[in-house]
Amino acid sequence: MSVSFDAVRAAVTTVLEAAGGRDIAPPIVMPAGVMIELCGETVRARLCTFTDPSGAEFCLRPDMTVPIARMSAEAGAKAERVHVVGPVFRYPAPGVDDPIEFIQAGFEWIGGSGCANEDAEAIALVLEGAAAAGVKRGVLRFGDAALFGAIVDALEAPEAWRRKLKKAYSRRRGPRDLMASSGDAPTRSPLAAGLAALEPSDAEAAVNEIFAIAGISAVGGRDASEIADRLIAQQQAGDSLPADTAAALTRFLDISGDAREAEKTLADFAKDVGVDINAALSRYVDRLDALKRLSPSLQADLVFGAEFGRRFDYYDGLVFELSHPAFPDDRAIAAGGRYDGLISELSRGDASATALGGVLRPDRLAIAAEADQ
């Protein structure tokens, strides 16, 4: 018996409404520059963009998180929980047969406790939504940008490299590819030396000023921030990482498997490498304990992947995706994560709040539920 999309959408919506919070309708159209500034030029290929008569570039919302975070920032980032069901628009990745427009059902929690219990509550709500749709199995894969960041900060590395490594975490194999390029011949220049003496925001502004004076624009898929980062890295680190740091990060990125077993592996790694990640590791353990207490209806396999990140750069803590055997390419049927710094970034520091969200795909849930019958 087939599982209808409408029935799944209704079931998931009921779960979100029962969890509480305000039902909202964020804008469908937004400035394209917002997403590009957050995630870099590489995201442009996935955006549905258009230009207005004045030449300004806009896009249809590629997700719900950024439009909701913008609304929150403009309203002063007051604490609240919201939920939303509606269409989003983005081009599929190459080789993936996905629609450009699809429905997302999700929630965003602004200004919450920011603790591990809240992380677990969000994961449990996503699992409850999937169970209500008729999904009976799945793999919950998660990573932690904050844990990766704590390790990067604890190891020996120039500041410019710390920033680049953290930013690269959101891309598949991003840190590995970045480290693989660190053996390139170093480049020295007076411009790089000058940028290295500036704060990151001032360095980016300086590159933009150079563009304006020369009457040129960024090319090659890099924005001013990325160009400044690369020049500073070349100046500060000779475009290379200490061998011990690269080896330690590679060892960390290799950690993958059962979430509980990974707890000991992470502790052993920290001891062997000589880094203090006790705070981040404690949060990891607390999150698993809290999720066990909540006992969601869908008992998914919990898998930790040190290298697992999300495609959007603004996630800075827990990141997770729920996959199902109906999609052998591991396309997520639900996902989410923490983005505590996003509202501050969108408001240029005028407002700030912890933030956490999750989203479910009713179209994929229907396929998974039918496979589980």
Side-chain angles (χ1 to χ4, degrees), residues 65 69 79 81 107-127 139-155 162-163 165-170 175 248-249 251-296 300-310 312-322 334-345 352-358:
T65 300
R81 292 188 173 191
F107 60 91
E108 309 291 343
W109 298 342
I110 310 297
S113 65
C115 68
N117 285 349
E118 187 178 52
D119 291 349
E121 186 184 353
I123 294 173
L125 180 55
V126 165
L127 295 178
V139 175
L140 193 288
R141 183 178 293 104
F142 70 95
D144 194 331
L147 178 59
F148 178 72
I151 291 171
V152 169
D153 287 340
L155 293 169
R162 298 187 200 281
R163 294 199 305 270
L165 285 163
K166 293 174 186 177
K167 188 171 185 178
Y169 181 77
S170 65
L249 286 174
R251 178 178 169 183
F252 170 74
L253 293 170
D254 286 340
I255 298 174
S256 178
D258 178 83
R260 280 296 184 187
E261 293 178 4
E263 176 186 332
K264 182 179 185 304
T265 305
L266 288 166
D268 290 343
F269 162 81
K271 181 179 179 181
D272 293 346
V273 176
V275 296
D276 181 1
I277 58 170
N278 289 337
L281 190 54
S282 177
R283 184 186 184 99
Y284 175 98
V285 175
D286 290 346
R287 182 187 298 137
L288 292 181
D289 290 344
L291 185 58
K292 183 178 181 180
R293 289 194 301 271
L294 290 170
S295 298
D301 295 332
L302 298 181
V303 175
F304 172 76
E307 197 168 18
F308 174 71
R310 296 292 308 283
F312 294 125
D313 289 8
Y314 48 76
Y315 288 99
D316 51 17
L318 166 73
V319 286
F320 63 89
E321 287 186 354
L322 178 64
R338 182 169 287 283
Y339 50 98
D340 291 337
L342 179 58
I343 290 176
S344 177
E345 186 170 359
S352 64
T354 62
L356 171 68

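Nothing fancy with the numbering, it's 1 onward along the sequence. Remember, it's a predicted structure, so these values are computed and weren't measured experimentally.
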Between OG on residue Ser352 and CD on residue Glu345, distance to nearest 0.5 Å: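 Rounded to the nearest 0.5 Å, the OG-CD separation comes to 13.0 Å.
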
NZ/NE/NH1/NH2 to OD/OE distance under 4.0 Å, Lys264 and Asp268: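 Yes.
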
Donor-acceptor contact below 3.5 Å, side chain Asp316 vs main chain Asp340: yes

Check: Gly114 main-chain N/O paired with Glu118 side-chain donor or acceptor under 3.5 Å: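 Side chain of Glu118 to backbone of Gly114, a donor-acceptor pair under 3.5 Å: yes, one is there.
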
Cationic N near anionic O, under 4.0 Å, Arg283 to Asp144: no

Asp254/Phe269 under side-chain contact (heavy atoms from CB on, under 4.5 Å): CA gap, chis, key distance, verdict: CA-CA 11 Å; Asp254 286 340; Phe269 162 81; over 6 Å; no

Side chains of Val126 and Pro296 in contact at under 4.5 Å (non-hydrogen atoms): no

Charged N-O contact under 4.0 Å between Arg260 and Asp289: yes

Heavy-atom closest contact (Phe148 atom, Leu165 atom, distance): CE2-O, 3.3 Å

Atom pair CG/CZ of Leu147 and Phe304 - distance to nearest 0.5 Å: 5.5 Å

Arg338 side-chain N/O to Leu318 backbone N/O, donor-acceptor pair under 3.5 Å: no

Tyr284 side chain vs Ala259 backbone, donor-acceptor pair below 3.5 Å: yes

Distance (rounded to the nearest 0.5 Å) between Glu121 CD and Trp109 CH2: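 Those atoms lie 4.0 Å apart.
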
Separation of Asp153 CG from Ile277 CD1 (nearest 0.5 Å): 12.0 Å

Exercise: do Glu108 and Tyr339 side chains pair donor with acceptor under 3.5 Å: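 Yes - a donor-acceptor pair under 3.5 Å links their side chains.
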
Evaluation steps, side-chain contact (heavy atoms from CB on, under 4.5 Å), between Leu294 and Leu127: CA-CA 11 Å; Leu294 290 170; Leu127 295 178; over 6 Å; no

Ala150 versus Ala280, closest heavy-atom pair with distance: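 Looks like CB-CB, 4.3 Å.
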
side-chain contact (heavy atoms from CB on, under 4.5 Å) evaluation trace for Val273 with Ile151: CA-CA 10 Å; Val273 176; Ile151 291 171; over 6 Å; no

CD-CG distance between Glu321 and Leu140, expressed to the nearest 0.5 angstrom: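 Result: 10.0 Å between the selected atoms.
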
Ala290 versus Asn117, closest heavy-atom pair with distance: CB-OD1, 3.2 Å

Heavy-atom check, side chain of Leu249 versus side chain of Pro175, under 4.5 Å: no

Stepwise side-chain contact (heavy atoms from CB on, under 4.5 Å) check, Val303 with Phe308: CA-CA 10 Å; Val303 175; Phe308 174 71; over 6 Å; no

Rounded distance [0.5 Å steps], OG1 in Thr65 versus OH in Tyr315: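 The distance works out to 4.0 Å.
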
